[in-house]
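In what follows, a single structure is set out as structure tokens and then discussed.
Per chain, numbering begins at 1; letters A, B, ... match sequence-line order. Bear in mind that the values here come from a model prediction, so they are computed numbers and not experimental data. Hydrogens, waters and symmetry mates are skipped; everything else that's a heavy atom, side chains included, is used.
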Amino acid sequence: MIIHNNEIAQKLDEMGDLLAIKGANKYRIRAYKNAARSIRSQGRRIDEMIDSGEDLTQLDSVGKDLASKIKEIVSTGELSDLKKLKNQLPSTLLNLLDLEGLGPKRVKRLYDVLEIETQDDLKKAADNEKIREVKGFGKKTENNIREQLLDNNEKDRRFRIDKVEELIEPFRAYLQNIDTVSDLVIAGSYRRRKETVGDIDFLVIATDSKNMIEAFTKYEEVKKVISKGNTKSSVMLKTELQVDLRVVEKRSKAPALLYFTGSKKHNIKLRKLGIDKGYKINEYGVFKDDKRIKCETEEDIYKLLNLEYIEPELRENRGEIKAAKRNKLPDLIENKDIKGDLQMHTKHSDGSSSIKEMVEKAIEIGYEYIAITDHSSYIGVTNGLSDSEIPSYLDELKRVDEEYSEINVLSGIEVDVLEDGKLDLTDESLKRMDVVIFSIHSHFNLEEKKQTDRILTAMDNKYVNIFAHPTGRMINKREGYKYDIEKVVQHAASSNIIMEINGSPSRLDLDDINSKMASDNHVSLVINTDAHSPKELSFMKYGISQARRGWVQADEVINTLNFTDVIKKFKR
DNA sequence: GCCGTTTTCGGCCCGACTGTTTTCAGTCG
């Protein structure tokens, strides 16, 4: 049975939440949550692991019991224990947990005392001032619940990394200007360079935390102060972005940075390691028998735990601690490794600028080469190139390449894959290109097997080189199309197809997990911007971040090669 | 329910803030 990792994880998550409401042992609950998380971060498909007879207990946080439950989900699509729980408790209670301030204990109490099962029930009870009468609740909690239910539409939103950068810069500048601030860092998932962030975590080293907090909450863009203590505060901005502030003294900078960068799971692992060695680690420092151990940098703390330094992008508890113990961490790719950009568009299709304008910007960045890769014509909206237009397109590219001695301009195309896996241009046209990118922009909803075959067919065209934005997902907009990506990755490895990490912040595709999976399968990668204007050539940094999160090293990425070596990669 | 260079039991990270209480449970990160 075809079932995706996310669906398995979802069931385990529900199981954990319902057990929590029921009041089960908290470590049992945590076990379900941990397993769900572990499955979500697998590059491999669990159903295929089962098909090939692999032992699921080799996965992190999955033991004998959960392995058999996962097998049950994969073979039947259901989990009988979850069904049983849902007979005892309405599953709509899970929606109540989404509200801030409502955890399992309170949800259970509302259910027991007021028979509240749904958000509608909750709304009615709040309007009738019934909630304040329940033990453990009061007027404030009731009001908070009512307000949240009123503007529920903005809930659960995560912001794209590029949007957040824009939104947060003025706030950062404002805080930086306060004179008691000696240092300010944005920690959290922002520092880990996740593709989206739920909130911003400011870590500030300041001499006067009270004043600092005061200034923080008085910032003009603040819509609501969520909490305000002596060292910690949270606010909601008018843009609906939540921002947390934590103030610590200078000697706590490294442990605080480590702690607030997360991820939570990574931290928990570190603290456990610490305990094994007799250390207590918290955001204020590292302690042995209540005595502070001097740690000035994050490196110092990792070293104390006998670990290699772990870059923020890797701190997701996906095996980085084990690797650090054995000095087996990857030597992550960096911005400076990139020597060219191999996907961009011009006025010849849906780009905003001329070839020359793109070239000049690329020279300014310092690239050794670029490829211009306008669309083929299948998708009408991109106003792309048909076979008859290819000769003049190539002529212009040639002229521009000769005009600029500072850079090599490769001729390229982003050709559409048709429904049956054939390509939108003739081999005659493709043959004339230095580099051929193929990608999918239509028929997203084919049945999984058909979609897989379609891609494999396209890969077998002997003129194609790069599979662009391979899953087609758009961040916060749509999921990728469904196909057997492992099979495609393996085929790419055996047939010298390069897979793209698309740096456009709306795509970031391959994502971190699939990048790692491709890298583990020894597929060559390329990091491109897919720029549609000169400005968008700056998207490279997002692609690099995503690659770093996927444990990718420079030597796996073809556009770190110099010009003479990179063109060899396009011969098939 | 998971996990183990203290492995088959006995642990399971740690602290801040809020609202409701009157010393703390619940929630959050």
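At a threshold of 4.0 angstrom between heavy atoms, the contacts of A:Lys264 include nucleobase atoms, whether or not backbone atoms are also involved. Within 4.0 Å (heavy atoms only), A:Lys280 reaches sugar-phosphate atoms of the nucleic acid but no base atom. Among the heavy atoms of the strands, none lies under 4.0 Å from A:Lys277. Residue A:Asn230 is classed as a sugar-phosphate contact, given heavy-atom separations below 4.0 Å to backbone atoms only. Counting non-hydrogen atoms under 4.0 angstrom, A:Thr231 reaches the backbone sugars and phosphates but no base. Among the atoms of the strands shown, only primed sugar atoms or phosphate atoms (P, OP1, OP2) are found under 4.0 Å from some heavy atom of A:Asp60.
Checking A:Glu165 against A:Tyr542 by side-chain atom types alone, a donor-acceptor pair falls below 3.5 Å. With hydrogens and angles left out, the side-chain atoms of A:Thr261 and A:Arg191 include a donor and acceptor closer than 3.5 Å. At a cut-off of 3.5 Å, with distance as the only test, no side-chain donor of A:His266 or A:Glu316 sits close to an acceptor on the other residue.
Nucleotides B:dT23 and B:dC17 have their C1' atoms positioned 15 Å apart, rounded to a whole Å. Atom P of B:dC2 sits at a distance of 16 Å from the matching atom of B:dC13, rounded to the whole Å.
Between A:Phe202 and A:Phe171, a ring centre-to-centre spacing shorter than 6.0 Å is recorded.
Here A:Ser234 pairs with A:Asp244 under the side-chain hydrogen bond (donor to acceptor under 3.5 Å, both in side chains) rule; sequence neighbours left out.
In terms of position along DNA chain B, the nucleotide closest to A:Leu59 lies nearer the 5' end than the nucleotide closest to the other residue of the pair A:Asn282 and A:Leu59.
Base pairing analysis places B:dG19 opposite B:dC24; the two distances defining the Watson-Crick or G-U wobble pair are each below 3.5 Å.
Chain A approaches DNA chain B over the interval B:dG1 to B:dG29, counting the first and last nucleotide 5' to 3' with an atom under 4.0 Å from its heavy atoms.
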